[in-house]
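These notes concern the structure reproduced below.
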Amino acid sequence: MSGLWRLGTSAGIRLARGGPGEGPTQLLAPDVTIDELLGDGAATLADLDRLPVSGPVPEEHSVLAPVASQEIWAAGVTYMRSRDARMEESTNPDHYDRVYDATRPEVFYKAAGWRARGPGQTLGIRRDSVWDVPEPELGVVADAGGSIVGYVLGNDMSSRSIEGENPLYLPQAKAYDHSCGLGPCLVPVDFAPPREDMVIQLLVDRGGTQIFSEEVSVRDLRRTPEELVDWLFSAVAFPVGAILLTGTAMVPPGDFTLEEEDRVSISMPGLGRLANPVERVGRVIPEVSDR
Ligand code: DO4
Ligand code: MG
């Protein structure tokens, strides 16, 4: 099983190949880019094992989010568990109930590729939010033609207090500094486990103690990833492909909120592990009456 890794090296950003569980081992030729593999290049992600190699991965390197110019989008309320949680937290539960069964899914813009955070990089919780959760999600990698060519783990970090206050605040609950985790590598469809066997695990550690763990199966996804990608591509062109997070089935109990310095780890056999520390980001704007 091979994955496509994006690395920071002393010679700049380079792509590498290696198993999702073992890490990057072979540096790819410098002219191989994610944009070409997902766009109109001669090679595609499916050719990963045949791409030219320039040598071993240098010992000194950092692992970056495996994304270049791609936009990252996300689908929501795609699992019954997520629908129920949104209905519990929201002042307007009806929206979530209806979108779960509607023909048109909820699809929203999450982040530009350059904003995504890779393994080990901090993920953010907003200073003006009081209820924050990780959302471990299966990410699908779509090429420019809208075909699913790979998978990646994603973390759709979210503020439940901001979204719960008013569904129109969704973009602020979802898109802020360091709100999108992605990694550790892109796994071509042929090298990934069959979708019906995919199980995502979440672990949250606070000060060395595991405070939350859960496993969910991708089988419970209410729509197929192909259907979600079709909707995403229905009126938007993606010349270098796109990444779509397919929604969360994992909702910690209502009294759970992330805190600074928690460690969030998302994993799936065959896709690897995405582990990140949590930090506070942004600033609090005073209420109008306090200004
Ligand atoms: O409507 C809110 C988005 C929910 C979401 O991100 C999810 O279900 O994963
Ligand atoms: Mg989500």
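When a ligand or atom number is given, it counts from 1 through the structure's own listing order. Nothing here was measured: the structure is a model prediction, and the numbers come from that model.
Cluster membership check: Val32 shares its hydrophobic cluster with Val53, using side-chain heavy-atom separations under 4.5 Å among Ile, Leu, Val, Met, Phe, Trp and Tyr.
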From CA spacing to verdict: side chain to side chain donor-acceptor pair (under 3.5 Å), Thr257, Arg160: CA-CA 9 Å; Thr257 186; Arg160 293 188 74 181; over 6 Å; no
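Within 6.0 Å of the CG atom in Asp47, the count of heavy atoms belonging to other residues, nucleotides or ligands exceeds 12. The neighbour count for Glu259 CD, taken as heavy atoms of other residues, nucleotides or ligands under 6.0 Å away, is above 12.
Leu7 pairs in a side-chain contact (heavy atoms from CB on, under 4.5 Å) with only one of the listed residues (Leu64, Leu28, Leu27), which is Leu27.
A donor-acceptor contact shorter than 3.5 Å is absent between the side chain of Glu215 and the backbone of Ile200.
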Kindly list each side-chain donor-acceptor pair under 3.5 angstrom involving residues 241-252, sequence neighbours excluded, with atom names and distances?
| residue | atom | partner | partner atom | Å |
| --- | --- | --- | --- | --- |
| Thr246 | OG1 | Leu138 | O | 2.7 |
| Thr248 | OG1 | Met250 | N | 3.0 |
| Thr248 | OG1 | Met250 | O | 3.2 |

Check residues 191-199 and write down every donor-acceptor pair under 3.5 Å in which the side-chain atom is one partner and the other belongs to a residue at least two apart or another chain.
| residue | atom | partner | partner atom | Å |
| --- | --- | --- | --- | --- |
| Arg195 | NE | Tyr151 | OH | 2.9 |
| Arg195 | NH1 | Glu226 | OE1 | 2.9 |
| Arg195 | NH1 | Glu226 | OE2 | 3.4 |
| Arg195 | NH2 | Tyr151 | OH | 3.3 |
| Arg195 | NH2 | Glu226 | OE2 | 2.6 |

Enumerate, one pair per line, all nitrogen or oxygen atoms of ligand 1 lying under 3.5 Å from a protein nitrogen or oxygen, stating the separation to 0.1 Å; write 'none' if no such pair exists.
| residue | atom | partner | partner atom | Å |
| --- | --- | --- | --- | --- |
| ligand 1 | 1 (O) | Glu106 | OE1 | 2.9 |
| ligand 1 | 1 (O) | Glu106 | OE2 | 3.0 |
| ligand 1 | 1 (O) | Glu163 | OE2 | 3.1 |
| ligand 1 | 6 (O) | Glu135 | OE1 | 2.9 |
| ligand 1 | 6 (O) | Asp156 | OD2 | 3.0 |
| ligand 1 | 6 (O) | Lys174 | NZ | 2.6 |
| ligand 1 | 8 (O) | Val77 | N | 2.8 |
| ligand 1 | 8 (O) | Ser82 | OG | 2.6 |
| ligand 1 | 9 (O) | Glu135 | OE1 | 3.0 |
| ligand 1 | 9 (O) | Glu137 | OE2 | 3.0 |
| ligand 1 | 9 (O) | Thr248 | N | 2.9 |

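Ring geometry for Trp73 against Phe238 counts as perpendicular: the plane angle is over 60°, on a 0 to 90° scale with 30° as the lower cut.
Neighbours of the Mg ion (ligand 2) restricted to protein N, O or S atoms under 2.8 Å: the count is 3.
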